[in-house]
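So the structure is just underneath, and the comments pick up after that.
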Amino acid sequence: MKLRSLLASTSVLAITATVTLAVGSPAQAITDDPVVARSLAAEVQRGEKVRAIIEIERGQSLAGVARTAEAASSETRVISKVDSDGFLVATVDKPTLAELKTDDRVKAVYKDEVSKPTLDVSTKLIGSDRANQAGWTGKGSTVAILDTGIDRDHPFFAGRIVGEACFSSSDFDPYYLAVLVCPDGHPSQIGTGAADAEIARCVVDGANKCYHGTHVAGIAAGKKAGTAPSNGVAPEAGILPIQVSSRFNGPICEDQNTSAPCILSFTSDQKRALRYVDEVRAGLNVVAVNMSIGGGLKYKVHCDGAPLESEILQLKSSGVATVISSGNNGHEDGVVRPGCIAAAVTVGATDDHDTPAPFGNRGPLIDLFAPGVAINSAIPGNTFGVLGGTSMAAPHVTGALALLRQAYPHLPGEKLVEKLQTTGKSIAYRSGDTTVTTKRIDLLAALPPMPTASPTPAVTPTATPTPTATATPTRSQTAGPADLSTVADPLPVPIPDTCKRGKGTTPLNARRWATEMLRGKGTLSDRTLVCYLSLAQNGSKVFPEVTDAGSLGKAYKVLAPKSKTAKALLDRELLAAWLNYAHGVHNGSTKVHGSTTLTKAVGIAEGHRTANGTSAQLKKAAGYLYKHVNK
């Protein structure tokens with residue numbers, strides 16, 4: 001039974017994608033005019049000032065365009081201009097945009113958006129544990145993790161961090177109140193210590209808010225040590241962690257459905273990071289970049305012209321895949337940016353039953369599925385924790401590509417992705433009015449039965465890091481140390497928030513839970529309820545194998561059934577019991593009646609339900625749960 005994996009979990013990570021600033025498809029009034037994102041143009045037309053990335057044509061002067069932009073309007077503020085970037089960041093209003101649209105030196109203008117930022121079960125599901133035993137470990141390749149940094153001295157990564165970088169921004173616009181988090185106080189830092197997630201600016205009320213990158217890196221390439229549950233997917237691959245986040249203290253946090261201060265990431269910092277990966281990819285043999293990042297509106301078609309498209313295309317042409325999580329809005333027929341970019345490898349989440357996670361975005365734009373519910377991996381403090389989300393699914397694919405590169409060293413990245421797509425397990429599901437089939441990765445099918453000696457060169461890691469190590473940066477956006485009065489970069493892209501188990505103290509009965517499922521009628525948010533349903537689905541043998549409760553509407557029907565059959569009554573009480581667990585009222589070891597624990601009570605009830613118990617057995621089990629668990 002899967003109670004073990006769920007009842008041991010503590011939280012589910014959900015990429016918050018409530019950002020209303022989405023990059024639309026570009027529009028050009030005249031063929032030779034710069035490309036201008038529709039969403040940016042619409043906001044500027046409404047009289048708003050928008051933080052924007054202004055890309056410059058090759059060979060043109062960044063400083064010259066910056067002077068033109070500032071001269072166009074007293075409201076325009078150039079935030080960042082570094083010649084090596086090839087773009088500048090500035091606030092744009094009507095007069096400035098009108099000027100930029102006719103400037104031959106300008107290539108494109110789009111918004112600088114904001115994004116948010118168990119293993120032993122999941123690696124068995126995709127077959128990487130057996131692939132590792134056969135010798136496929138990812139040795140010789142490197143995976144780049146663009147995220148919130150890494151716990152550098154965590155035993156899970158010992159000896160395999162091959163480089164580090166940080167691209168972070170400060171912006172004292174009252175909406176953002178953002179400060180950079182590079183350890184040395186510069187907007188850019190390269191070298192040992194640059195991606196350290198265990199710094200003061202990552203800590204809020206004693207909790208480390210930069211945990212996400214450590215968890216993601218562990219899934220892709222952790223190596224069993226100490227209390228680790230098992231290896232990550234590619235336990236001998238090199239790891240290149242890159243911090244792309246800033247610490248925000250303005251209203252932007254509330255708009256991202258989180259509290260201030262929060263950790264978010266500007267698109268412009270992600271552009272810098274992707275360009276850095278392109279600079280070092282050959283020397284480090286980078287096979288894939290992981291971006292468990294996303295936000296914005298739903299895209300049903302690819303978002304051609306999106307801000308990171310050129311960088312992702314450049315990496316793809318060099319054989320490096322950019323793996324991106326699809327987002328956790330529960331969209332059945334679309335994804336959020338930057339997963340909407342056609343050149344990216346967009347990954348959705350499934351649970352231990354190979355059922356699409358209720359929280360995960362999915363549909364025709366998804367390239368692959370991977371496990372993403374209740375995944376146990378590293379977290380800062382040299383410990384491990386359980387999180388869930390499409391953020392956790394993407395690094396399974398990133399690690400898988402390292403294993404495939406070891407087996408097929410001469411295949412380009414896109415061909416390795418094709419191997420995962422052609423050999424994976426088919427998962428069919430409803431997407432809008434159609435049925436879509438997407439492959440869940442299966443490494444046993446994708447890899448040869450036995451490895452040959454790896455012809456790829458081994459990557460030499462940096463010295464085993466210490467928690468306090470920092471290095472003098474080799475490149476910086478500013479000449480001096482962190483000048484927090486200088487803004488560096490517009491609008492952030494959310495790096496995933498955590499949807500934790502609740503802190504409820506009083507159980508809710510099935511009727512109360514049914515009310516919660518009705519939009520606007522309950523006290524819990526839809527996002528929280530979807531997280532709860534994901535926990536239930538992953539741990540239960542009844543949901544979804546016997547009864548589907550994977551959406552708010554389906555859950556309502558289970559909790560308020562029209563039928564009074566014994567099966568319907570037991571399903572109602574079982575789902576309420578799981579929801580009370582997810583709400584934090586009960587743990588698996590909670591004694592619900594005498595010496596009977598929740599695990600035992602639910603296990604007996606589900607045993608009757610899945611083994612076609614008699615009507616009397618089902619009614620008795622339903623009554624027990626009603627009286628001792630849900631009331």
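- Gln189 contributes a side-chain N or O that, together with a main-chain N or O of Asp184, makes up a donor-acceptor pair within less than 3.5 Å.
- A distance-only check finds no donor-acceptor pair linking the side chain of Glu309 to the backbone of Ala343 [under 3.5 Å].
- No cation-pi contact links Lys223 to Phe156, judged by a cut-off of 6.0 Å to the six-membered ring centre and 45° from its axis.
- Among Glu236, Gln406, Arg405, the single residue meeting the side-chain contact (heavy atoms from CB on, under 4.5 Å) criterion with Ser141 is Arg405.
- No donor-acceptor contact under 3.5 angstrom links the side chains of Thr123 and Asp129, judged on distance only.
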### Task
Report the C-alpha distance between Leu315 and Val277 in whole Å, list the side-chain angles of each, state the deciding distance to 0.1 Å, and finish with yes or no for side-chain contact (heavy atoms from CB on, under 4.5 Å).
CA-CA 8 Å; Leu315 286 168; Val277 173; 4.0 Å; yes
### Task
Step by step, work out the salt bridge (charged side-chain N to carboxylate O under 4.0 Å, His left out) result for Arg272 and Glu311.
CA-CA 9 Å; Arg272 295 183 179 98; Glu311 287 79 12; over 6 Å; no
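- Between Ile150 and Phe157 the shortest side-chain heavy-atom distance falls below 4.5 Å.
- When atom types are taken as modelled, the side chain of Asn249 and the backbone of Leu177 share no donor-acceptor pair closer than 3.5 angstrom.
- Side-chain N or O atoms of Arg160 include one that pairs as donor or acceptor with a backbone N or O of Pro235 at under 3.5 Å.
- Contact annotation: the side chain of Lys107 never approaches that of Ile56 to less than 4.5 Å [non-hydrogen atoms, C-beta and beyond].
- Counting only N and O atoms by type, the side chains of Asp255 and Tyr175 include a donor and acceptor under 3.5 Å apart.
- With Leu401 as the fixed residue, the side-chain contact (heavy atoms from CB on, under 4.5 Å) test singles out one of Val320, Val233, Ile441, Leu420: Leu420.
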### Query
After noting the C-alpha distance and the side-chain angles of Ile375 and Val386, does the key distance pass the side-chain contact (heavy atoms from CB on, under 4.5 Å) rule?
CA-CA 5 Å; Ile375 308 299; Val386 177; 6.0 Å; no
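- Scanning both residues, Leu146 and Gln270, for their nearest heavy atoms gives CD2-O, 4.2 Å.
- Residue Ser325 comes nearest to Ser391 through the heavy atom pair CB-N, 3.9 Å, listed as atom of the first residue, atom of the second, then distance.
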#### Entry: Verdict with supporting geometry, Arg77 and Asp171, salt bridge (charged side-chain N to carboxylate O under 4.0 Å, His left out)
CA-CA 11 Å; Arg77 177 171 57 99; Asp171 188 336; 3.6 Å; yes
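- For the pair Ser245/Leu264, no side-chain contact is recorded, criterion being any heavy-atom separation below 4.5 Å from C-beta on.
- When each of Arg247, Arg201, Gln243 is paired with Leu180, the side-chain contact (heavy atoms from CB on, under 4.5 Å) condition holds for Arg201 and for no other.
- Side-chain atoms of Thr398 and Asn290 form a donor-acceptor pair, as typed in the model, at a separation below 3.5 Å.
- In this structure, Lys419 and Leu447 have side chains that are not in contact, with every pair of non-hydrogen atoms separated by 4.5 Å or more.
- Neither side chain, His212 nor Ser292, offers a donor N or O lying under 3.5 Å from an acceptor on the other.
- Judged purely by distance below 3.5 Å, without hydrogens or angles, the side chains of Ser168 and Ser246 pair a donor atom with an acceptor atom.
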### Task
Could you walk me through whether Thr322 and Ile341 pass side-chain contact (heavy atoms from CB on, under 4.5 Å), step by step?
CA-CA 10 Å; Thr322 302; Ile341 296 172; over 6 Å; no
### Message
Please evaluate residues Val244 and Asp147 with respect to the criterion side-chain contact (heavy atoms from CB on, under 4.5 Å), reporting the C-alpha separation (whole Å), side-chain torsions for both, the decisive distance (0.1 Å), and the verdict.
### Response
CA-CA 6 Å; Val244 292; Asp147 215 293; 5.6 Å; no
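- The two residues Pro251 and Pro174 make their nearest non-hydrogen contact at CD-O, 3.1 Å.
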### Task
For Asn285 and Thr142, run side-chain hydrogen bond (donor to acceptor under 3.5 Å, both in side chains): C-alpha distance rounded to whole Å, both residues' side-chain angles, the deciding distance at 0.1 Å, then the answer.
CA-CA 6 Å; Asn285 196 23; Thr142 292; over 6 Å; no
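- For the pair Lys415 and Tyr408, the cation-pi test (distance below 6.0 Å, angle within 45°) is failed.
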### Task
Could you please spell out the steps behind the ring pair (Phe, Tyr, Trp, His ring centres under 6.0 Å) verdict for His396 and Phe369?
CA-CA 9 Å; His396 282 86; Phe369 273 129; over 10 Å; no
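- Aromatic ring centroids of His186 and Phe167 lie 6.0 Å or more apart.
- In this structure, Ala370 and Val397 approach most closely via the heavy-atom pair CB-CG2, 4.1 Å.
- At a threshold of 4.5 Å between non-hydrogen side-chain atoms, the residues Phe248 and Val179 do not count as touching.
- The closest side-chain heavy-atom distance from Tyr110 to Thr267 is not below 4.5 Å.
- Judged by distance alone, the side chain of Ser377 and the main-chain N or O of His215 form a donor-acceptor pair under 3.5 Å.
- At distances below 3.5 Å, not a single donor-acceptor pair connects side-chain atoms of Thr258 with backbone N or O atoms of Glu254.
- When all heavy atoms of Ile366 and Ser326 are compared, the pair lying nearest together is CD1-CB, 3.3 Å.
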#### Entry: Stepwise side-chain hydrogen bond (donor to acceptor under 3.5 Å, both in side chains) test for Thr390 and Asn328
CA-CA 6 Å; Thr390 56; Asn328 289 11; 2.6 Å; yes
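- Using a 4.5 Å heavy-atom threshold, the side chains of Ile242 and Glu164 count as separate.
- At least one side-chain heavy atom of Leu308 sits less than 4.5 Å from a side-chain heavy atom of Met291.
- With rounding to the nearest 0.5 Å, the separation of CZ in Arg337 from OG1 in Thr346 is 13.5 Å.
- For Lys271 (side chain) and Pro307 (main-chain N/O), a donor-acceptor pair under 3.5 Å exists by modelled atom type.
- Considering all non-hydrogen atoms of both residues, Leu443 and Ser128 come closest at CD1-CB, 3.5 Å.
- Around NZ of Lys224, the count of heavy atoms belonging to other residues, nucleotides or ligands within 6.0 Å exceeds 12.
- Formation of a donor-acceptor pair under 3.5 Å by the Thr148 side chain with backbone atoms of Cys210 is found in this model.
- For the residue pair Asn132 and Thr137, no side-chain donor N or O sits within less than 3.5 Å of a side-chain acceptor on the partner.
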